[in-house]
Amino acid sequence: MKVAVLGLGRVGAVAAACLAEAGHRVLGIDVDPRRVRSLQKGRADFFEPGLDQLLRVVLAAGALSLKRLDEMDRLDAEVTLIAVGTPSLPSGGPDLSSVRAALGWLVERALRPPLVLMKSTLPPGTGQSLRDQYRLRYVANPEFLREGQAVHDWRQPDRIVLGGGDRRDIRLAQQLYANLEAPFVITDIATAEMIKYAANAFLCTKISFINEIANLCDHLGADIDDVVAGIALDPRIGPSFLRAGIGYGGPCFPKDVRALGYLSALNGYSCDLLRATISVNNHQRLLPIQALRQGLGVLSGREIAILGLAFKPDTDDIREGPALEIVRLLLAEGARVRAYDPMVRKGEALPEGAVMAPSAQEALAGAQALVLCTEWEEFSRLDWESIRHTMLPPYLVFDGRNALRPEGLRRLGYHYVGVGRGRGRNEKAAGGHRRDWAWSAGLGRLVE
Ligand code: UDX
């Protein structure tokens, strides 16, 4: 099938490469000449495991070609995926300007009215009015890709949601995904859009729920790791998205829960649970500041190290991650901040006044405290014993992702603080050795 993909960001580039891999003839189009040039060399302008290698294969096979928007007079495609950004407006609603620009461009240049598959996240009800306004063949087709696992998630989706369109269009969309083994959820446009928001809002609520319980554990002397071990075995709850810490970030979760809250307010309904989810998440980012004030007193002039800037491991994306907000809060208290992240290398990513260190060791040398913001595997493998001799008292470790081993660090003389790891709890569980859990991002679960 002849397919076009408009917008070659973290969703569009993966979609274009994977559809080409599936045997379609794909034309990827973007407005940014640098991005197009980089992709033509088989190099995405962002980090996504496996994507560059896949790009090189499908480009060499001639299954994928890439063009700048302004190079195109005419577009001949049976299906066009729209995968442009819909960032938050100050009000919390989504900025649809890129979507409108893409649809306007498409209508003008399409040789035949293509089927539009909308990948961009749009509030329920938006797609219908766009379809009518631009008189499109239109199917809402939200994506559920996770950064750092996007190629995997495209190849092995849990489901494929198709909203709207007539039977012919739905059949064409199903042909596009014929190589994938996943159930189709066929519904109307608004419901397909709501599925996307409901999925992200639920995941955010699950994270804020476990963070609320972790905060209670800190006050009541219970231990969140054992709580999670004890509830996750219930198949109705399950083990995923129960990792307590400094909260969720990224380009999707914060934006989508804000948009849903905005939309509900606009329609006269108050989403109390959604508001609570957002408020708990905002609170989690303050935990390190509270812990450092408790351990160090005044933070002005103190040397603080930040480990991890990306909003999660296996990505270089820092958007709306807790780390940057924590850096800003520390700078505002007059602290001196040195940060390190294995993937985020450019100093300009940091707020004015913070320094980017070339390694974890150099960020930690001379620091009185550290805040771990991203659970990169390499941090759990650091030689904490030798690092302790390069730090200064009180050797405070705020483990924002519960990624390190509390007892091991305490034995080395660190003052360890996690999130919900029973600060006040007695060191030994009744009748047995306390287990020393750590979160393995690689394994995606707690490990002893
Ligand atoms: C998310 C959704 O998972 C994906 O389906 C959707 O298409 C886009 O948004 P992504 O933003 O890539 O994907 O990140 P995800 O892996 O979901 O994590 C989001 C944030 O939640 C990260 O900041 C992560 O640190 C945090 N998180 C995740 C927790 O704090 N605890 C958890 O247990 C899981």
Side-chain angles (χ1 to χ4, degrees), residues 9-12 14-15 46-49 83 85-86 119-122 141-154 156-161 192-193 195-215 224-225 227-228 231-232 237-260 277-278 280-285 287 308-326 341 372-376 399-403 418-420 439-446:
R10 292 173 185 267
V11 172
V14 170
F46 52 86
F47 176 70
E48 184 58 55
T86 53
K119 283 277 171 208
S120 301
T121 302
L122 297 178
N141 177 213
E143 49 78 27
F144 302 93
L145 307 179
R146 292 164 296 172
E147 285 195 20
Q149 293 146 292
V151 174
H152 165 274
D153 288 352
W154 181 283
Q156 297 177 37
D158 300 320
R159 72 305 205 181
I160 299 170
V161 174
E193 291 163 336
I195 289 170
K196 169 72 179 177
Y197 276 98
N200 277 2
F202 176 78
L203 293 170
C204 291
T205 304
K206 196 170 181 185
I207 292 167
S208 282
F209 168 77
I210 204 62
N211 281 334
E212 183 115 285
I213 296 298
N215 296 341
I224 192 59
D225 295 335
V227 168
V228 169
I231 64 173
I237 299 173
S240 59
F241 277 68
L242 286 177
R243 201 166 68 250
I246 48 178
Y248 59 80
C252 297
F253 277 1
K255 164 178 79 75
D256 290 354
V257 286
R258 274 198 301 268
L260 197 55
T277 293
I278 295 170
V280 168
N281 197 57
N282 292 340
H283 170 78
Q284 295 309 101
R285 299 172 172 209
L287 295 179
L309 293 168
F311 79 93
K312 67 173 192 174
D314 293 334
T315 181
D316 56 356
D317 201 341
I318 58 176
R319 286 176 289 175
E320 299 219 38
L324 287 195
E325 190 170 335
I326 292 163
D341 184 288
L372 185 146
C373 294
T374 313
E375 65 279 22
W376 286 101
D399 183 359
R401 296 296 182 190
N402 288 351
V419 180
W439 177 266
S440 159
L443 296 175
R445 59 181 170 77
L446 284 165

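Only a predicted model underlies this, so the values are computations on that prediction, with no experimental measurement involved. Indexing begins at 1, ligand by ligand and atom by atom, following the structure's order.
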| note | For Tyr248, the ligand 1 atoms with a heavy-atom partner under 4.0 Å come out as 20 (C), 21 (O), 23 (O), 26 (C)
| query | Is there a donor in the side chain of Thr205 and an acceptor in the side chain of Thr277, or the other way round, less than 3.5 Å apart? | reply | yes
| field | Heteroatom distance test (Leu145, ligand 1): nitrogen or oxygen, under 3.5 angstrom | value | yes
| Distance only, no hydrogens: is a donor on one side chain within 3.5 Å (strictly under) of an acceptor on the other, for Gln284 and Asn215? | yes
| task | Using a 4.5 Å cut-off on heavy atoms from C-beta on, say whether the side chain of Tyr248 contacts that of Pro254. | result | yes
| Has Gln149 got any heavy atom lying under 4.0 angstrom from an atom of ligand 1? | no
| request: Determine whether Arg319 and Lys255 make a side-chain contact, defined as any pair of heavy atoms from C-beta on separated by less than 4.5 Å. | output: no
| said: Taking 4.0 angstrom as the limit and counting only heavy atoms of Phe241, give me the atoms of ligand 1 inside it, by number and element. | reply: 17 (O), 28 (C), 32 (C), 33 (O), 34 (C)
| message | I need the atoms of ligand 1 closer than 4.0 Å to a non-hydrogen atom of Asn200, numbered in the order shown. | response | 2 (C), 6 (C)
| Do ligand 1 and Phe144 have nitrogen or oxygen atoms that lie under 3.5 Å from each other? | yes
| query | Taking both backbone and side-chain atoms of Glu375, is any N or O found less than 3.5 Å from an N or O belonging to ligand 1? | reply | no
| query | Does a side-chain N-to-carboxylate-O contact under 4.0 Å join Arg10 and Glu147? | reply | yes
| message | Below 4.0 Å, non-hydrogen atoms only: which portion of Arg401 touches ligand 1? Side chain, backbone, both or neither. | response | side chain
| field | Under 4.0 Å to a heavy atom of Glu143 - the qualifying atoms of ligand 1, by number | value | 7 (O)
| Nearest heavy atom to atom 31 (N) of ligand 1: which of Arg243, Lys206, Glu147 does it belong to? | Arg243
| query | Does Cys252 have a heavy atom less than 4.0 Å from any atom of ligand 1? | reply | yes
| said: One residue to check: Ile210. Relative to ligand 1, which of side chain, backbone, both or neither has a non-hydrogen atom less than 4.0 Å away? | reply: neither
| message | List ligand 1 atoms under 4.0 Å from Lys196, heavy atoms only on the residue side. | response | 6 (C), 7 (O)
| query | Are there more than 12 heavy atoms of other residues, nucleotides or ligands under 6.0 Å from atom CZ of Phe46? | reply | yes
| note | Nearest heavy-atom approach of Asn402 to Ile224 is ND2-CG2, 3.7 Å
| field | Those atoms of ligand 1 less than 4.0 Å from some heavy atom in Gly249 | value | 20 (C), 23 (O)
| Would the number of heavy atoms belonging to other residues, nucleotides or ligands and lying under 6.0 Å from CD of Glu212 be above 12? | no
| task | Just do the salt bridge (Lys or Arg N to Asp or Glu O under 4.0 Å) check on Arg146 and Glu48 with the steps written out, would you? | result | CA-CA 10 Å; Arg146 292 164 296 172; Glu48 184 58 55; over 6 Å; no
